[in-house]
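Quick caveat, the model's predicted, so the values are computed rather than measured.
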Amino acid sequence: MTQRVRAVLITPDDTMLLMKRLRPGIAPYWVIIGGGVEASDASREDALLREIREEIAGEAEIVRLLHQLDNPKGEAEYFYLARISKWNFADRTGPEFQRDDRGEYILDEIPLTAKAVSELNLLPEQISAVLRESLDRGDLRTTT
């Protein structure tokens with residue numbers, strides 16, 4: 001089974017970094033930063049740190065696994081909570097950014113509130129619900 005990893009990235013200002021996607025003919029939507037686990041990755045966590053480096057030239061510390069789901073493509077997706085200390089979207093290197101047919105990628109800093117998350121078209125919908133519920137409970141702490 002293909003595995004994908006994603007990071008709910010919490011900034012020092014207690015905001016969350018998300019990727020806004022703009023594609024022709026599709027309403028704008030947001031996704032959590034991450035991607036596929038490759039055979040050369042030592043672990044899911046190593047894959048996640050690589051994806052963060054590729055997509056936003058970022059350095060993060062993984063706090064814990066937040067949620068796991070199986071998506072409609074039959075892939076296992078692992079969502080981690082992580083603290084991000086630095087990032088530079090201009091220095092991203094991911095292969096998806098080299099393709100004109102993929103639309104636009106915009107790094108968005110979102111308030112860390114259930115209200116802010118509910119106002120986004122955050123996909124997949126299941127993780128949007130998980131984030132809203134976690135924020136309502138106050139359990140998106142990034143301190144161990």
Side-chain angles (χ1 to χ4, degrees), residues 1-23 26-99 102-144:
M1 173 184 277
T2 301
Q3 296 183 18
R4 302 190 69 73
V5 288
R6 307 251 178 231
V8 176
L9 294 169
I10 309 300
T11 72
D13 294 329
D14 283 330
T15 59
M16 178 173 44
L17 296 178
L18 296 175
M19 192 72 70
K20 183 177 182 180
R21 295 296 314 276
L22 300 174
R23 298 171 68 187
I26 299 174
Y29 63 96
W30 285 257
V31 294
I32 295 175
I33 292 165
V37 176
E38 298 176 0
S40 59
D41 293 319
S43 65
R44 286 191 303 262
E45 292 81 4
D46 286 342
L48 183 58
L49 294 174
R50 175 187 49 75
E51 287 288 343
I52 293 167
R53 284 190 302 274
E54 288 177 359
E55 291 191 14
I56 62 171
E59 293 180 18
E61 177 186 347
I62 297 171
V63 175
R64 63 182 167 89
L65 181 64
L66 180 66
H67 190 72
Q68 189 266 323
L69 63 87
D70 293 331
N71 69 27
K73 296 178 183 177
E75 302 167 322
E77 289 197 67
Y78 298 87
F79 294 84
Y80 289 86
L81 181 63
R83 273 189 297 272
I84 184 132
S85 54
K86 69 180 203 174
W87 62 93
N88 184 345
F89 195 56
D91 290 340
R92 64 191 185 268
T93 60
E96 62 271 29
F97 303 118
Q98 311 306 316
R99 294 179 44 189
R102 298 286 305 222
E104 290 182 64
Y105 294 80
I106 300 167
L107 186 63
D108 229 351
E109 196 167 344
I110 306 299
L112 195 57
T113 65
K115 181 180 185 304
V117 172
S118 69
E119 292 173 351
L120 301 174
N121 181 18
L122 178 61
L123 300 177
E125 290 178 14
Q126 184 178 353
I127 198 61
S128 180
V130 166
L131 285 178
R132 289 190 315 270
E133 291 166 9
S134 295
L135 287 162
D136 283 341
R137 286 192 309 268
D139 68 356
L140 281 188
R141 296 179 305 274
T142 59
T143 54
T144 52

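Nearest heavy atom pair, residue Asp70 against residue Ala76, reads OD1-CA, 3.6 Å. Here the closest heavy-atom approach between residue Asp136 and residue Ala114 is recorded as OD1-CB, 3.3 Å. In terms of heavy atoms, Leu48 sits closest to Ile33 at CD1-O, 4.3 Å. Between Val117 and Met16 the shortest heavy-atom distance is CG2-CE, 3.6 Å. The minimum heavy-atom distance linking Asp41 with Ala47 is given by the pair OD2-CB, 3.2 Å. Between Ser43 and Asp46 the shortest heavy-atom distance is OG-N, 3.0 Å.
How far CD of Glu59 is from NZ of Lys86: 4.0 Å, rounded to the nearest 0.5 Å. Summarising the geometry, atom CG belonging to Asp108 is positioned 10.0 Å from atom CE belonging to Met19; distances are rounded to the nearest 0.5 Å. With rounding to the nearest 0.5 Å, the separation of CD in Glu55 from CZ in Arg50 is 9.0 Å. With rounding to the nearest 0.5 Å, the separation of CG in Leu131 from CG in Leu112 is 8.5 Å. Interatomic distance, Glu61 CD to Ile10 CD1, rounded to the nearest 0.5 Å: 13.0 Å. Rounding to the nearest 0.5 Å places CD of Glu75 at 10.5 Å from CG of Leu69.
For the residue pair Tyr78 / Gln3, no side-chain donor-acceptor distance below 3.5 Å is found, with atom types taken as modelled.
Side-chain contact between Ile110 and Thr15 is absent, with no heavy-atom pair separated by less than 4.5 Å.
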Given side chain to side chain contact (heavy atoms under 4.5 Å, CB included), test Leu17 with Glu109 step by step and report yes or no.
CA-CA 5 Å; Leu17 296 178; Glu109 196 167 344; 4.0 Å; yes

Verdict with supporting geometry, Ile56 and Asn88, side chain to side chain contact (heavy atoms under 4.5 Å, CB included)
CA-CA 6 Å; Ile56 62 171; Asn88 184 345; over 6 Å; no

Using the side chain to side chain contact (heavy atoms under 4.5 Å, CB included) rule, take Tyr80 and Leu65 through it: C-alpha gap first, then chi angles, then the decisive distance, then the call.
CA-CA 4 Å; Tyr80 289 86; Leu65 181 64; 3.8 Å; yes

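Geometrically, Arg21 engages Tyr105 in a cation-pi contact, judged by NZ or CZ lying under 6.0 Å from the ring centre and within 45° of the ring axis.
Applying side-chain contact (heavy atoms from CB on, under 4.5 Å) to Ile52 and the options Ile62, Ile84, Val5 leaves one that passes, Ile84.
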Got a list of side-chain donor-acceptor pairs under 3.5 Å for residues 119-130, not counting sequence neighbours?
unit_1	atom_1	unit_2	atom_2	d
Glu119	OE2	Lys115	NZ	2.5
Asn121	ND2	Pro28	O	3.2
Gln126	NE2	His67	NE2	3.2
Ser128	OG	Arg132	NH1	2.6

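Listed by chain and residue number, nothing satisfies the salt bridge (Lys or Arg N to Asp or Glu O under 4.0 Å) test with Glu133 (two or more places apart in sequence, or in another chain).
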